[in-house]
Amino acid sequence: MPDTDPDEMERRIARTRAELARTVDAIADRVSPKRVAERTVADVKARAGFLATSVGDALGFAARPVSVEDDPDRLWDDEPPSLAPVLIGVGAVLVVGAAIVMWRRRRRRS
C-alpha cells in the first residue's frame with residue numbers, strides 16, 4: 001500500500017524543504033562576493049607566503065621567526081640582506097616582459 005498518510009507526506013515535504021533551504025543557503029554563502037573575496041585574499045596570502053619562502057630559499061635567506069617584542073631597527077643587525085640578487089631578478093623579469101611585449105607586437109603586424 002503506498003504511503004498516502006497526509007501527516008507523513010507533510011513531514012516529508014517539510015524535511016525536503018528544510019534540506020533545500022540548507023542547500024540554497026550553502027550555495028548563496030559560497031558565491032557571495034564577500035566570501036569569494038575572503039577566499040581569494042586567503043589564497044593570495046598563502047601563495048605569497050609560499051613564493052616568499054621559495055625566493056628566500058633560492059637566494060639563500062633563511063626564514064627566521066620575528067616576535068612582536070623585536071626592535072624593528074635592529075632586525076637585520078646579524079646579517080643585513082643583500083639587494084643584488086633581488087635587483088638581478090627584477091631586471092631579468094623586466095627583460096623577459098619587454099621581450100614578450102615586442103614579440104606580440106611583431107606578431108600583430110604580420
Side-chain angles (χ1 to χ4, degrees):
M1 181 172 155
D3 289 333
T4 56
D5 181 26
D7 293 335
E8 177 63 26
M9 289 180 75
E10 285 182 24
R11 283 191 293 274
R12 286 185 181 180
I13 291 171
R15 193 175 326 124
T16 304
R17 282 184 181 159
E19 290 173 5
L20 182 60
R22 282 193 300 272
T23 303
V24 169
D25 289 343
I27 291 171
D29 185 55
R30 186 173 182 101
V31 299
S32 75
K34 181 180 178 182
R35 296 290 185 218
V36 171
E38 288 173 353
R39 283 193 306 268
T40 303
V41 167
D43 185 47
V44 168
K45 283 182 179 180
R47 289 177 188 232
F50 178 73
L51 178 66
T53 302
S54 299
V55 169
D57 290 345
L59 297 176
F61 295 128
R64 57 185 175 155
V66 177
S67 68
V68 176
E69 293 84 26
D70 287 345
D71 183 13
D73 295 331
R74 301 185 54 100
L75 189 61
W76 295 106
D77 281 351
D78 297 340
E79 182 182 330
S82 172
L83 291 180
V86 174
L87 294 175
I88 291 170
V90 169
V93 167
L94 290 174
V95 167
V96 170
I100 290 172
V101 168
M102 290 173 53
W103 178 68
R104 286 184 177 175
R105 285 184 182 171
R106 282 189 188 160
R107 282 187 52 195
R108 287 183 190 163
R109 290 182 195 164
S110 300

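Quantities reported herein were computed from a predicted structural model and do not represent experimental measurements.
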Exercise for the section: Kindly compute the distance separating CG (Leu20) from CD1 (Ile13), expressed to the nearest 0.5 Å. Expected result: 12.5 Å

Handout entry: Shared hydrophobic cluster for Leu51 and Val86 (ILVMFWY, side-chain gaps under 4.5 Å)
Key = yes

Handout entry: Under-4.0 Å salt bridge between Asp43 and Arg47
Key = yes

Handout entry: Glu8/Arg12 ion pair, N-O < 4.0 Å
Key = yes

Problem - Residue pairs passing the side chain to side chain donor-acceptor pair (under 3.5 Å) test where at least one lies in residues 21-33, sequence neighbours excluded - result: Asp29-Arg35

